[in-house]
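Working notes for the structure below.
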Amino acid sequence: MSRQFADHICDVLSPLGPVTARAMFGGFGIYLDGLMFGLIAWDTLFLKADDGNRAMFEDAGAARFKPWEDRPMTMPYWEVPADVLEDGAQLCAWGRAAFDAALRTRKPKSKRTGKGRR
């Protein structure tokens with residue numbers, strides 16, 4: 001996995017805010033404000049999608065992220081088309097849409113009950 005590619009993606013997406021890449025599972029998670037909205041696996045960028053932005057990916061013929069070739073499981077991240085990767089402004093627009101999807105689908109933080117604590 002290329003740290004250089006991850007750093008490049010963070011630089012291109014920097015107009016969105018302080019975008020960071022954290023190593024995970026042989027790839028990288030792409031974060032903004034502590035919220036993961038993208039991932040890099042096999043030197044390919046995937047961005048988060050939900051009902052609000054999924055059509056962008058489908059219209060571009062993008063594929064869903066499938067972590068294991070031999071299993072049917074997919075995740076709500078979609079491959080970013082090459083032409084989008086090559087256009088910084090367009091990548092930022094897709095990145096913003098992915099971050100918005102991450103915000104919409106974010107699970108609330110669990111509340112600690114404090115049971116058994118004094």
Check for a donor-acceptor pair, side chain of S14 on one end and backbone N or O of V12 on the other, with a separation under 3.5 Å.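 Flag not set: sc S14 to bb V12 has no pair under 3.5 Å.
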
Rounded distance [0.5 Å steps], CZ in R64 versus CZ in R54: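 Nearest 0.5 Å value for the CZ-CZ distance: 6.5 Å.
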
Gap between atom CZ of R96 and atom CG of L32 - 0.5 Å precision: 6.5 Å

Do the side chains of [Y] and [X] get nearer than 4.5 Å, heavy atoms only?
| X | Y | value |
| --- | --- | --- |
| M36 | I30 | no |
| D50 | P76 | no |
| F5 | D7 | no |
| F99 | L35 | yes |
| C10 | V19 | yes |

Are Y77 and F65 close enough that their ring centres sit under 6.0 Å apart? no

Are W94 and F37 an aromatic pair, judged by ring center distance below 6.0 Å? no

Flag the pair R104 and D100 as a salt bridge only when some basic side-chain nitrogen lies within less than 4.0 angstrom of an acidic carboxylate oxygen. no

Exercise: identify the closest heavy-atom pair between [X] and [Y]:
| X | Y | result |
| --- | --- | --- |
| A49 | W78 | CB-CD1, 3.3 Å |
| A62 | E79 | CB-O, 3.1 Å |
| T105 | K48 | OG1-CE, 3.1 Å |

Could you walk me through whether L45 and L47 pass the side chain to side chain contact (heavy atoms under 4.5 Å, CB included) test, one step at a time? CA-CA 7 Å; L45 176 63; L47 292 175; 4.3 Å; yes

Would you verify whether the NZ or CZ of R22 falls within 45 degrees of the ring axis of F28 while also being under 6.0 Å from that six-membered ring's centre? no

Given the rule in the side chain to side chain contact (heavy atoms under 4.5 Å, CB included) test, do I9 and L13 qualify, once you have shown the distances and angles that lead to the verdict? CA-CA 6 Å; I9 293 299; L13 293 174; 3.7 Å; yes

